[in-house]
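Chain naming here is simple, since letters A, B, ... match the order of the sequence lines and numbering starts at 1 in each. Just so it is clear, the model here is predicted, and its values are computed rather than measured.
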Protein chains: 2
Amino acid sequence: MSVSERKVQERAAREELILGHARGFLLRRGFQDWNMEQLAGAVNYAKGTLYLHFESKEDLCLAVATRALRERADLFERASRFTGRTRERIRAIGFACCEFACSHPDYFKVELMLKSASFWEKATETRRQAHQMEGARCFRLVHEIVKEGMRAGDLPHDRMTSESVTFALVAVTVGSHIMSLEPAMKLVAGIDDPIRTVRQNQDLMCDGLGWRPLLADWDYSATDARLRREIFPTATWCEPVTTAG
Amino acid sequence: MSVSERKVQERAAREELILGHARGFLLRRGFQDWNMEQLAGAVNYAKGTLYLHFESKEDLCLAVATRALRERADLFERASRFTGRTRERIRAIGFACCEFACSHPDYFKVELMLKSASFWEKATETRRQAHQMEGARCFRLVHEIVKEGMRAGDLPHDRMTSESVTFALVAVTVGSHIMSLEPAMKLVAGIDDPIRTVRQNQDLMCDGLGWRPLLADWDYSATDARLRREIFPTATWCEPVTTAG
DNA sequence: CCCCGATATTGACCATTGGTCAATATCGGA
DNA sequence: TCCGATATTGACCAATGGTCAATATCGGGG
């Protein structure tokens with residue numbers, strides 16, 4: 001290995017180190033409750049060194065978020081390989097989303113952070129594009145199954161475009177996750193198991209879209225069981241009481 | 001009027017002035033892109049004076065948000081007076097929500113800001129409680145109609161609690177609003193009219209919940225027309241093409 | 001093994017800004 | 001008009017994201 005090759009590798013390793021620690025900080029303490037000095041200390045480098053890798057604190061955090069988003073897209077991709085009725089397949093994506101939420105607790109707070117403030121504009125164009133790309137990947141994987149549902153005749157295609165259907169599924173999922181974070185909401189709505197609530201709302205939306213077989217006409221707990229066996233054997237979370245009738 | 005009474009009134013007027021300008025700043029420039037010095041300049045007082053009214057920048061912004069939330073709750077209350085089938089009545093709340101969104105464009109960004117960061121803990125306990133109270137008011141007004149729907153037999157009550165149903169409605173609405181803010185999402189999902197999308201997703205969720213009469217079995221455009229006439233005659237937004245069949 | 005130019009790393013320093021408080025201005029009653 | 005009380009101010013402080021001249025490290029050639 002040449003010297004320059006080794007340097008490139010070392011640089012990449014250091015970036016990895018920084019990203020790993022930053023992720024820990026972000027998840028545990030949000031965006032405000034730590035500073036670049038502390039992060040530098042945690043990875044045993046000077047503050048200036050961090051800025052050799054990232055243009056700003058926001059840029060660094062966007063990089064962390066993008067890596068997590070890529071993991072999610074990867075899970076979506078695995079879920080896409082599930083076979084069966086199209087509604088079973090979209091359910092696999094919903095499962096992947098919850099698998100992600102469980103293995104990255106509080107990650108939705110990071111996602112929220114990206115939406116507020118002037119985050120976006122303080123990050124590098126390259127990183128912005130990388131994030132959008134992973135986001136688009138997630139959207140596309142859902143969209144493909146929606147289109148297939150329409151082709152298969154499981155999902156009505158006369159009232160809504162496939163894009164609108166996809167948007168509805170994304171919206172209900174994101175909304176459920178976000179509202180689940182709210183302690184007051186959890187209390188007042190009696191949410192004991194956020195994940196179960198998210199999946200339930202996804203089911204309701206699918207029913208509302210008329211995506212057959214409807215919840216009442218199919219044993220989706222069996223689908224979940226097969227899903228675990230075939231695609232996510234290492235799923236880290238316990239299936240809650242199923243919403244299937 | 002006594003001297004002390006006048007002073008109280010003047011103080012209240014100044015607080016109003018500050019809140020008004022802060023709201024303009026918040027909506028137009030987010031949280032970061034202005035500072036307390038600038039706000040002080042805008043209202044022709046010194047920075048220190050702002051801190052006689054608010055404990056921190058976050059406290060001030062929470063106050064702004066709470067006033068807006070109260071306006072929303074007020075709209076919900078008006079909507080609650082609409083008569084008809086329970087699903088028509090919940091539709092009135094959805095209408096109110098969109099009415100609010102239209103007359104306060106970009107307010108959802110402010111709402112998002114509250115969810116992220118360490119906002120909450122930098123605000124006064126009093127203001128936190130005020131905000132929660134208005135939030136609870138919104139929730140309760142929806143919840144009342146949900147319970148009535150169950151009592152009336154329009155909405156199944158064997159599978160889900162009334163609280164879970166309310167949560168689902170809130171989640172789909174918040175999720176739709178938030179995702180509508182995302183320019184990239186709007187583009188990729190082909191969202192041309194965010195408000196229409198929000199209402200459509202609310203309709204889908206209601207259908208999924210089995211809230212009768214279903215979208216296909218009722219002329220909800222007539223409901224909307226009556227709603228405008230009876231409750232929101234001054235509605236500032238144009239009804240999009242209805243989603244009713 | 002040493003030397004030197006190139007490269008990598010550092011942390012003192014800067015600018016911004018949320019927040020404080022001693023100094024100052026204003027007020028209102030005697 | 002004067003004085004004590006109250007209201008207002010803006011210079012100042014501390015924290016922190018970001019910069020860059022100074023320093024340390026590296027590695028190849030003699």
Side-chain angles (χ1 to χ4, degrees), chain A residues 1-19 21-22 25-26 29-64 113 116-124 127, chain B residues 1-19 21-22 25-26 29-64 113 116-124 127:
Chain A
M1 185 190 294
S2 77
V3 168
S4 67
E5 276 176 329
R6 200 199 64 207
K7 297 222 166 161
V8 166
Q9 200 173 354
E10 280 174 356
R11 192 189 154 84
R14 189 170 64 182
E15 192 153 312
E16 204 66 17
L17 181 72
I18 296 170
L19 284 169
H21 280 262
F25 277 24
L26 256 186
R29 293 152 72 174
F31 179 71
Q32 299 274 8
D33 277 7
W34 54 277
N35 57 49
M36 295 298 270
E37 196 82 46
Q38 289 165 11
L39 178 59
V43 295
N44 272 311
Y45 282 99
K47 190 162 58 158
T49 306
L50 301 184
Y51 285 91
L52 297 175
H53 292 265
F54 305 98
E55 202 165 77
S56 65
K57 191 180 181 186
E58 284 84 358
D59 196 41
L60 165 58
C61 291
L62 179 58
V64 171
M113 176 193 75
S116 74
S118 44
F119 242 82
W120 215 246
E121 66 202 26
K122 285 180 187 160
T124 321
R127 287 210 164 76
Chain B
M1 185 191 293
S2 78
V3 168
S4 67
E5 276 176 328
R6 200 200 64 206
K7 295 223 167 161
V8 166
Q9 199 172 355
E10 280 174 357
R11 192 188 155 84
R14 189 170 64 183
E15 192 154 313
E16 205 66 16
L17 181 72
I18 296 169
L19 284 169
H21 280 263
F25 277 25
L26 257 185
R29 293 151 72 173
F31 179 70
Q32 299 274 6
D33 277 7
W34 55 277
N35 58 47
M36 296 298 269
E37 196 82 47
Q38 288 165 12
L39 178 59
V43 294
N44 272 311
Y45 282 99
K47 190 161 58 159
T49 306
L50 301 184
Y51 286 91
L52 297 176
H53 292 265
F54 305 98
E55 202 164 76
S56 63
K57 190 181 181 185
E58 284 83 359
D59 196 41
L60 165 58
C61 291
L62 179 59
V64 171
M113 175 192 76
S116 74
S118 45
F119 241 83
W120 215 246
E121 66 202 25
K122 285 180 188 161
T124 321
R127 278 191 228 281

Legend entry - B:R14 and B:T49: CA distance, side-chain angles, deciding distance, side chain to side chain contact (heavy atoms under 4.5 Å, CB included) verdict: CA-CA 10 Å; B:R14 189 170 64 183; B:T49 306; 3.3 Å; yes
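- B:R11 comes within 4.0 angstrom of no nucleic acid atom, judged by non-hydrogen atoms across all strands.
- The base of C:dG19 lies outside donor-acceptor range of the side chain of B:K57, with no N or O pair under 3.5 Å.
- With a cutoff of under 4.0 Å to any heavy atom of chain B, the contacted region of DNA chain D is bounded 5' to 3' by D:dT8 to D:dG10.
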Inset, instruction - Please report the C-alpha distance between B:V43 and B:L50 in whole Å, then the side-chain angles of each, then the deciding distance to 0.1 Å, and finally whether the side chain to side chain contact (heavy atoms under 4.5 Å, CB included) criterion is met. - result: CA-CA 10 Å; B:V43 294; B:L50 301 184; 4.3 Å; yes
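- Nearest heavy-atom pair across B:L52 and B:R11 is O-NH2, 2.9 Å.
- The CZ atom of B:F25 sits 13 Å away from the P atom of C:dT17 (whole-angstrom rounding).
- The pairing partner recorded for C:dA30 is D:dT1, the criterion being a Watson-Crick or G-U wobble arrangement whose two distances lie under 3.5 angstrom.
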Inset, instruction - Give the C-alpha distance, both sets of side-chain angles, the deciding distance and a yes or no for side chain to side chain contact (heavy atoms under 4.5 Å, CB included) between B:L17 and B:H21. - result: CA-CA 6 Å; B:L17 181 72; B:H21 280 263; 4.0 Å; yes
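- The ring-ring contact (aromatic ring centres under 6.0 Å, His included) contacts involving residues 38-57 of chain A comprise nothing, where partners must be two or more places apart or lie in separate chains.
- Here CD of A:E121 is found 5.5 Å from CG of B:D33. Values are rounded to the nearest 0.5 Å.
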Inset, instruction - Mind running side chain to side chain contact (heavy atoms under 4.5 Å, CB included) on B:M36 and B:L60 for me, showing each step along the way? - result: CA-CA 10 Å; B:M36 296 298 269; B:L60 165 58; 4.1 Å; yes
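- Across all strands shown, D:dA22 forms a Watson-Crick or G-U wobble pair, both distances under 3.5 Å, with C:dT9.
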Inset, instruction - Let me see the working for A:R6 and A:E10 under salt bridge (charged side-chain N to carboxylate O under 4.0 Å, His left out), right down to the final yes or no. - result: CA-CA 6 Å; A:R6 200 199 64 207; A:E10 280 174 356; 3.3 Å; yes
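- Heavy-atom nearest nucleotides on DNA chain C were determined for A:T49 and for B:E58, and the one closer to the 5' end corresponds to A:T49.
- The stretch residues 34-42 of chain A has no heavy atom under 4.0 Å from DNA chain C, so no residue of it qualifies as close.
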